[in-house]
Trainee: 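One structure, as structure tokens, below. Some questions next.
Because the structure is a prediction, the values reported are computed rather than measured.
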Protein chains: 2
Amino acid sequence: MSRPPAEPTARTGLRELKKQRTRRAIRRAAYRLFGEQGYDATRVDQIAEAAEVSTSTVFRYFPTKEDIVLTDEDDPVLEAALRARPAGEPPLTALREALRETVRTVYASPEWVAEVEQRMRLVRSVPAVRARLDESMAATGDLLAEVLAARTGRSPDELELRVFIGATLGALREVLMHWVARGLRDDLMSLLDRAMDVLEHDLAD
Amino acid sequence: MSRPPAEPTARTGLRELKKQRTRRAIRRAAYRLFGEQGYDATRVDQIAEAAEVSTSTVFRYFPTKEDIVLTDEDDPVLEAALRARPAGEPPLTALREALRETVRTVYASPEWVAEVEQRMRLVRSVPAVRARLDESMAATGDLLAEVLAARTGRSPDELELRVFIGATLGALREVLMHWVARGLRDDLMSLLDRAMDVLEHDLAD
DNA sequence: TGACTTTTGGGAGTCACTATCAATTCACGG
DNA sequence: CCGTGAATTGATAGTGACTCCCAAAAGTCA
């Protein structure tokens with residue numbers, strides 16, 4: 001896994017480091033203020049001030065206020081997990097296992113868990129954030145379509161494939177909503193399993 | 001089906017009539033301007049002016065600009081169709097038939113078709129409108145949960161039930177997106193059938 | 001017709017977000 | 001270690017959706 005010298009990810013040292021720091025500082029400040037005063041009552045200026053950057057900088061890092069909440073570093077994990085599934089495996093099994101793997105990965109990092117939980121609480125309470133989540137899930141759908149289409153040699157636009165993905169993501173959405181509605185107390189993996197069982201067996205209940 | 005005299009829907013004559021007229025005028029003006037200049041380039045002031053009302057009035061009728069596009073009169077149709085299904089019928093069949101019935105109803109009215117098509121075009125091109133559609137589909141999900149829970153004597157919050165609904169609506173969303181992506185040329189009913197077949201058979205393809 | 005209620009218009013204000021430009025900070029070869 | 005070029009930042013001035021508020025207008029009903 002040696003990297004070529006000119007990676008597009010880690011360009012030049014100090015600059016990139018500071019950027020990541022700023023990004024984190026903004027997120028941290030935002031989460032703190034959201035927790036203290038609520039999402040709507042927190043102005044972007046306040047977040048900027050708390051993070052010790054200018055308002056313009058906040059918008060340079062996050063295109064919208066909702067994006068401060070939803071950064072979505074899970075997509076690459078899901079994609080990698082799905083690509084790692086054996087070629088012969090039926091799509092639903094592959095997707096199910098990839099989702100399980102993603103949950104496992106997230107749970108392996110305590111701070112990641114904390115972040116996800118904070119995020120989900122905002123998803124529940126703030127409609128705008130929820131809307132943004134749906135949008136990002138749609139993007140995830142496009143991504144999954146690409147990967148699954150490549151696996152089976154079909155077109156990523158084929159209706160049957162998209163329906164399959166749409167149904168699965170719709171189910172996943174309900175899992176997340178159910179989870180957060182009950183105060184994140186349930187075991188996410190179990191909820192996911194129950195949901196995927198519904199999809200696998202027969203949807204006719 | 002005779003109605004009690006004091007319906008909350010049609011309160012008093014002239015007032016209500018004018019309201020409906022204003023509502024329509026705003027929508028008509030908005031659709032026209034959106035078509036001519038695009039959604040983003042159309043300011044709410046312009047819509048107000050074209051509809052010959054004040055800007056405040058526009059916001060009194062529609063809480064957001066996106067809501068001018070999405071009014072969703074289909075929900076009651078869907079609900080009625082679902083309630084009309086025989087009690088013994090398995091949920092997926094009932095929901096499938098209810099959806100078919102809804103599509104049929106919409107297609108029975110040419111102007112309704114025109115409206116839906118215009119709406120869908122904006123859903124495709126404007127992210128904000130699409131987000132609003134997702135939100136309204138979530139609300140539809142809550143509605144369906146109530147009705148289906150009542151049918152089977154279960155709780156509307158039960159995960160399995162919500163997953164079932166979420167998956168179906170996810171599939172429906174893909175149908176709509178597929179339909180609009182191909183310029184609304186396909187037969188919507190056929191697309192719906194193909195999608196429901198995917199859900200019914202096995203999602204494993 | 002006249003009192004009462006609902007709806008409307010207009011104005012002032014808030015806040016997320018954009019565009020722009022000068023100042024600062026970092027990268028890197030000499 | 002220094003100077004030049006590139007990336008990043010901050011400040012400022014917008015824009016436009018949306019809210020609040022109040023006085024004028026219109027509809028309702030006795």
Side-chain angles (χ1 to χ4, degrees), chain A residues 5-27 29-30 33-34 37-70 122 126-132 135, chain B residues 5-27 29-30 33-34 37-70 122 126-132 135:
Chain A
E7 267 274 295
T9 321
R11 309 185 41 148
T12 28
L14 186 53
R15 205 153 254 179
E16 215 55 22
L17 178 78
K18 284 206 167 186
K19 283 221 269 185
Q20 303 231 359
R21 238 184 237 159
T22 307
R23 195 180 179 78
R24 270 197 201 158
I26 295 171
R27 293 261 312 252
L33 289 170
F34 291 160
Q37 334 171 331
Y39 180 86
D40 287 324
T42 304
R43 269 166 296 129
V44 176
D45 320 12
Q46 291 179 29
I47 299 173
E49 196 185 341
E52 296 179 301
V53 294
S54 73
T55 308
S56 355
T57 297
V58 173
F59 283 113
R60 265 191 209 100
Y61 281 81
F62 301 95
T64 72
K65 189 178 169 186
E66 298 100 57
D67 281 297
I68 305 181
V69 178
L70 294 172
L122 286 168
V126 185
V129 173
R130 202 180 319 137
R132 189 68 193 71
E135 209 182 321
Chain B
E7 267 275 295
T9 322
R11 306 183 44 145
T12 27
L14 186 52
R15 198 103 88 182
E16 216 54 21
L17 178 76
K18 284 205 166 185
K19 283 223 268 188
Q20 303 232 359
R21 236 183 239 160
T22 307
R23 194 181 178 78
R24 269 200 201 155
I26 295 171
R27 293 259 315 250
L33 290 170
F34 291 159
Q37 336 172 330
Y39 180 86
D40 287 324
T42 305
R43 269 166 297 130
V44 176
D45 323 9
Q46 292 179 31
I47 299 172
E49 196 185 339
E52 297 178 303
V53 294
S54 74
T55 309
S56 356
T57 297
V58 173
F59 283 113
R60 264 189 211 102
Y61 280 82
F62 302 95
T64 71
K65 190 178 167 185
E66 298 101 57
D67 282 296
I68 304 180
V69 178
L70 294 172
L122 286 168
V126 185
V129 173
R130 201 179 320 137
R132 189 68 193 72
E135 210 181 320

Trainee: Provide, to the nearest angstrom, the distance between the OH atom belonging to B:Y61 and the P atom belonging to D:dT19.
Mentor: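 Going from OH in B:Y61 over to P in D:dT19 covers 17 Å.
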Trainee: Mind calculating the distance between CZ (B:R60) and C1' (D:dC20) to the nearest angstrom?
Mentor: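 So the CZ-C1' distance, B:R60 to D:dC20, works out to 11 Å.
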Trainee: With nearest nucleotides of DNA chain D determined for A:S56 and B:L14 from heavy-atom distances, which residue corresponds to the more 5′ nucleotide?
Mentor: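 With A:S56 and B:L14 compared, the 5'-side residue is A:S56.
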Trainee: Could you give the OH-to-P distance, from B:Y39 to D:dA17, as a whole number of Å?
Mentor: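 Result: 8 Å.
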Trainee: Between residues 45-55 of chain A and DNA chain D, which residues have a heavy-atom gap below 4.0 Å?
Mentor: A:V53, A:S54
Trainee: CD of B:Q37 versus C1' of D:dG16: gap in Å, rounded?
Mentor: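 Interatomic distance, CD of B:Q37 to C1' of D:dG16: 14 Å.
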Trainee: Would you mind telling me which of C:dT8, D:dG10, D:dC18 lies closest to the side-chain atoms of A:T57?
Mentor: D:dG10
Trainee: Which part of the nucleic acid, if any, lies within reach of A:F62 when heavy atoms closer than 4.0 Å are counted: base, sugar-phosphate only, or nothing?
Mentor: nothing
Trainee: I need the minimum non-hydrogen distance between A:P63 and A:Y61, along with the two atoms involved.
Mentor: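 Minimum heavy-atom contact is CD-O, 4.0 Å.
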Trainee: Identify, between B:D40 and A:K19, the residue whose nearest nucleotide on DNA chain D lies closer to the 5' end.
Mentor: A:K19
Trainee: Do B:V58 and B:I68 have side chains that get closer than 4.5 Å, going by heavy atoms?
Mentor: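 Of all side-chain heavy-atom pairs linking B:I68 with B:V58, at least one is under 4.5 Å.
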Trainee: Testing the basics here: between A:A29 and A:A50, what is the closest heavy-atom pair and its distance to 0.1 Å?
Mentor: CB-CB, 3.8 Å
Trainee: Taking the side chain as everything from C-beta on, heavy atoms only, tell me whether B:F34 gets closer than 4.5 Å to B:V126.
Mentor: no
Trainee: What's the CD-C1' distance between A:E16 and D:dA6, to the nearest Å?
Mentor: 14 Å
Trainee: Where is the tightest heavy-atom contact between A:T57 and A:I26, given as atom of each residue plus distance?
Mentor: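 It is O-CD1, 4.5 Å.
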Trainee: Please give me the minimum heavy-atom distance between B:Q37 and B:T42, naming the atom from each residue.
Mentor: OE1-OG1, 3.3 Å
Trainee: Taking atom P of C:dT18 as reference, at what distance in whole Å does atom NZ of A:K65 sit?
Mentor: 15 Å
Trainee: Check the distance between C:dT7's P and B:F59's CZ and give it to me in whole angstrom.
Mentor: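 So the two atoms are 19 Å apart, to the nearest Å.
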Trainee: Over all strands shown, is B:R15 touching base, sugar-phosphate only, or nothing at heavy-atom distances under 4.0 angstrom?
Mentor: base
Trainee: A:K65 side chain to A:Y39 main-chain N or O, any donor-acceptor pair under 3.5 Å?
Mentor: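 At least one qualifying donor-acceptor pair exists.
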Trainee: Just to confirm, is there a sub-4.0 Å distance from OP1 or OP2 of C:dT25 to any side-chain nitrogen or oxygen of A:K18?
Mentor: no
